[in-house]
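Quick notes on the structure that follows.
Lettering follows sequence order; numbering is per chain, from 1.
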Protein chains: 2
Amino acid sequence: MGQRESGHVTLSDIARACHLSVSTVSIVLSEAPLSRHVAESTRKRIQATARRLGYHPDAYARSLRRRRTQTIGVLAYDMSDPFCVPVVSGIDEGLQPAQYFSLLVNAQMQRRLFDKYFRMILERRAEGVIVIASWVFEETDLLADIEKNHVPIVIVGRDLTQRRITSVLVDNRAGGALVMRHLDSLGHRHIAVIRGPDEMFDSAPRWEGIRQAAADAGIRFDSRLVFQLPNLSDSKSSFEGGRQFAKEMLASGAEFTAVLAFDDLTALGVVRGLTEAGLRIPKDCSVVGFDDVLPADVATPGITTIRQPLREMGMLATELMLQALQQSQANETQEAGLYVVQPELVVRTSSAAPGGGGE
Amino acid sequence: MGQRESGHVTLSDIARACHLSVSTVSIVLSEAPLSRHVAESTRKRIQATARRLGYHPDAYARSLRRRRTQTIGVLAYDMSDPFCVPVVSGIDEGLQPAQYFSLLVNAQMQRRLFDKYFRMILERRAEGVIVIASWVFEETDLLADIEKNHVPIVIVGRDLTQRRITSVLVDNRAGGALVMRHLDSLGHRHIAVIRGPDEMFDSAPRWEGIRQAAADAGIRFDSRLVFQLPNLSDSKSSFEGGRQFAKEMLASGAEFTAVLAFDDLTALGVVRGLTEAGLRIPKDCSVVGFDDVLPADVATPGITTIRQPLREMGMLATELMLQALQQSQANETQEAGLYVVQPELVVRTSSAAPGGGGE
DNA sequence: ATAATCTATTCAAACGTTTGAAATCAAGTT
DNA sequence: AACTTGATTTCAAACGTTTGAATAGATTAT
């Protein structure tokens with residue numbers, strides 16, 4: 001009793017139970033300004049009844065009426081990539097004080113899902129959308145629909161400012177240079193490199209930073225020791241790629257004392273491959289990665305890597321989104337800004353001076 | 001032009017543009033049965049206009065009217081625990097063909113967030129809720145509200161059937177026994193054990209299985225070699241716990257040839273701790289874990305572990321949820337079932353016969 | 001010629017809220 | 001006796017959609 005067909009308790013259930021109008025009940029329970037004028041006793045009675053019946057306002061009805069959904073769509077390209085998780089946490093954290101909620105969807109690297117979820121986010125009237133980098137993103141024609149419906153977008157992990165989209169990303173060039181200089185400072189001169197797949201936008205600038213830093217240090221790469229991961233790699237396949245390339249490095253006969261891998265999982269694959277061949281890390285060969293994901297931290301030896309401040313990037317994206325929302329409410333014009341955050345070198349035990357443990 | 005204050009294109013925008021009523025437009029765009037009677041030419045015109053204006057139906061208005069939200073709330077206790085991610089993927093996969101969407105929230109092990117998000121899920125009128133195990137869950141009084149509002153629940157990762165909640169979990173007892181028997185079959189007799197925290201429901205049955213299998217094999221644990229993780233450990237702290245206990249094992253002076261850790265991150269911590277003390281894994285000591293999370297797979301040596309079929313568990317939970325929804329639509333009574341799935345031993349290189357590499 | 005059937009479209013009410021405007025009533029002021 | 005004031009509560013419309021019932025016109029069957 002006290003419940004309608006839908007199974008949910010509504011304002012009118014409470015109104016009936018209290019012999020009051022729906023308006024009064026709404027005013028009290030939504031703590032509208034008018035509730036100052038509602039008699040204390042009435043207020044108490046309404047609140048007690050609401051609690052007793054287990055009332056929770058219907059977000060659908062409320063949002064429809066208020067024309068605000070308090071929702072930000074978050075489109076992650078692949079939640080099983082440990083890269084995504086901290087970014088999402090950062091977004092949630094930023095959203096929290098603003099009383100917004102994230103509507104998180106996981107495209108699982110699939111074009112079809114990406115479109116489907118994008119549409120869903122639009123239908124659920126997210127007030128804004130944060131996209132965590134995905135190559136698929138560029139191609140979708142839903143982008144046009146987003147604009148037609150005036151929904152602001154922020155992207156994390158790549159630069160789409162030329163498409164007039166506010167972008168948050170790490171300075172890959174600086175990161176590449178940092179890790180290269182680290183190896184140089186340890187005294188490595190013969191370094192194998194595994195570049196990222198063409199399709200990933202991080203690949204080019206990271207490689208650029210590496211090359212520049214190497215040139216500055218007077219280091220030349222042996223072409224037998226430069227590898228490139230294939231496209232469409234999921235997070236597991238970059239591990240396998242690293243392992244495979246490790247074997248090829250050894251087979252090539254070229255001398256090397258360190259391996260600079262595109263990302264941490266690749267680096268972990270290299271460690272596996274070299275270890276299987278009997279080498280000791282870092283005694284016989286140093287291995288460094290990029291990203292600082294959880295497995296890099298908990299593996300032994302810990303992988304020296306470049307930390308992207310992922311959580312902070314998520315928070316920054318949220319902040320920018322909230323700004324954009326305020327501006328669009330005030331009908332101000334929006335500018336698509338570019339926000340480049342600086343990465344940080346995290347030295348662990350997978351890197352050491354060449355040719356010696358204790359040295 | 002063609003857009004209202006809210007910024008979103010509505011049916012009436014399209015109706016106006018086509019000189020038709022909102023009803024007709026709705027009938028066509030929602031592909032209602034009546035659309036058979038709408039002239040082909042009209043239909044085409046409406047669809048073209050909708051596409052041109054970038055129309056997407058308002059899920060809020062639609063759900064309000066249809067009294068169906070096509071939403072299942074998914075409450076994960078901590079997305080940064082690698083345990084959660086595959087379960088969530090499995091849920092999404094199960095939901096997909098049923099045309100449902102998940103509303104995923106991350107409680108980050110915080111009671112406050114848990115309540116907040118639970119309330120949010122209720123307000124967003126999720127038709128059902130899947131909870132990924134959390135101790136907080138038991139305490140919340142929102143559980144009563146869920147029942148008052150007739151929202152079915154399924155829980156993954158623990159048994160709450162006595163609370164009349166359908167539960168999906170792994171057979172921890174069997175898993176504990178499996179991993180213990182594995183060490184026994186390799187010939188280990190002196191085994192250090194790190195038990196899970198009291199607060200985690202997995203701890204007791206897992207320990208029970210271990211003890212039973214040990215007893216069957218005639219193995220007794222040295223009390224100096226039995227440790228227990230503290231409560232409230234986040235995923236990172238179980239790593240630190242493992243590392244710490246590894247040192248204590250060595251300091252205790254007791255002899256041991258293998259360590260059986262509560263979960264994979266603890267095992268990785270043990271590997272770190274033992275390695276730092278100069279031991280080689282698995283030559284000097286075997287280390288085994290539980291869960292089969294990503295880091296256990298990509299570390300070197302790979303951690304021998306018990307795989308929980310997490311993805312499958314997520315899919316099963318979804319299936320049970322969809323069943324429950326059908327039953328509640330048909331007004332059938334619901335039974336709270338218990339579904340125990342079997343874990344699987346995954347042998348990697350962190351375990352070997354005691355006291356030797358090649359043997 | 002009337003009724004029945006079919007086609008193509010529209011009306012109007014409803015979903016559960018919110019909110020500006022209005023109503024009611026008591027008490028105080030002119 | 002009429003008027004203001006203030007406190008408390010209610011009316012009614014709106015948000016964007018769906019849908020049972022109604023309409024108008026054309027065709028066919030009796």
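- With respect to A:Arg119 and A:Glu123, no salt bridge is recorded, no charged nitrogen being found less than 4.0 Å from a carboxylate O.
- Within a 6.0 Å sphere centred on CD of A:Glu335, other residues, nucleotides and ligands contribute 12 heavy atoms or fewer.
- Under the 3.5 Å distance criterion, with hydrogens and angles disregarded, no donor-acceptor pair is assigned to the side chains of B:Ser63 and B:Arg124.
- The residue A:Ser30 sits close only to the backbone: its heavy atoms come under 4.0 Å of sugar-phosphate atoms, none of a base.
- Regarding B:Arg66, its CZ atom lies at a distance of 16 Å from the P atom of C:dG16, rounded to whole Å.
- In this structure, B:Arg67 atom CZ and D:dT19 atom P are separated by 12 Å, rounded to whole Å.
- Atom CZ of B:Arg68 is surrounded by more than 12 heavy atoms from other residues, nucleotides or ligands within 6.0 Å.
- Rounding to whole angstrom units, CD of residue B:Glu31 and C1' of D:dT19 are separated by 16 Å.
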Between protein and nucleotides 24-29 of chain D, what N or O pairs are separated by less than 3.5 Å?
none

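- Taking the screw axis at each terminus of the helix from C:dA1-D:dT30 to C:dT30-D:dA1 from five consecutive base pairs, the angle between the two is 80° to within rounding of 10 degrees.
- No side-chain donor from either of A:Ser23 and A:Ser26 sits under 3.5 Å from a side-chain acceptor of the other.
- The number of heavy-atom neighbours closer than 6.0 Å to CD of B:Gln329, taken from other residues, nucleotides and ligands shown, is above 12.
- Side-chain atoms of B:Arg62 lie closest to D:dT18 of the nucleotides D:dT18, C:dT17, C:dC15.
- The distance between atom CZ of B:Arg68 and atom C1' of D:dG16, rounded to the nearest whole Å, is 19 Å.
- With rounding to whole Å, A:Glu123 atom CD is found 21 Å from D:dC15 atom P.
- Taken from CD1 in B:Ile46 to CD1 in B:Ile14, the straight-line distance is 8.5 Å, to the nearest 0.5 Å.
- Rounded to whole Å, atom C1' of D:dT19 lies 15 Å from atom CG of B:Leu29.
- Atom CG in B:Leu64 sits about 13 Å away from atom P in D:dT19, given to the nearest Å.
- Protein atom CG of A:Leu122 is 15 Å distant from nucleotide atom C1' of D:dG16, rounded to whole Å.
- A donor-acceptor pair is defined here as one N or O able to donate and one able to accept, closer than 3.5 Å; no such pair exists between the side chain of A:Arg43 and the backbone of A:Val28.
- Salt-bridge check for A:Asp58 with A:Arg62: failed, with every basic side-chain N at 4.0 Å or more from each acidic carboxylate O.
- An OP1 or OP2 oxygen of D:dT17 is reached within less than 4.0 angstrom by a side-chain nitrogen or oxygen of B:Tyr55.
- Listed pair A:Ser26 / C:dT17 fails the phosphate criterion, with no side-chain N or O lying under 4.0 Å from OP1 or OP2.
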Please tabulate the protein-to-nucleotide N/O contacts below 3.5 Å involving nucleotides 6-13 of chain D, giving atom names and distances.
residue : atom : partner : partner atom : Å
D:dT8   : OP2  : A:His37 : O            : 3.4
D:dT8   : O5'  : A:His37 : O            : 3.4
D:dT9   : OP1  : A:Thr42 : OG1          : 3.1
D:dT9   : OP2  : A:Ala39 : N            : 3.2
D:dT9   : OP2  : A:Thr42 : OG1          : 3.3
D:dT10  : OP2  : A:Ser21 : N            : 2.9
D:dT10  : OP2  : A:Ser21 : OG           : 3.1
D:dT10  : OP2  : A:Thr24 : OG1          : 2.7
D:dC11  : N4   : A:Ser23 : OG           : 2.9
D:dA12  : N6   : A:Ser23 : OG           : 3.3

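- Each of A:Val151, A:Val74, A:Leu122 was scored for a side chain to side chain contact (heavy atoms under 4.5 Å, CB included) with A:Val129, with one residue passing: A:Val151.
- Remark: the A:Glu127 side chain and the A:Tyr100 side chain contain an N/O donor-acceptor pair separated by less than 3.5 Å.
- Residues B:Tyr60 and A:Arg65 bring no donor and acceptor atom of their side chains to less than 3.5 Å of each other.
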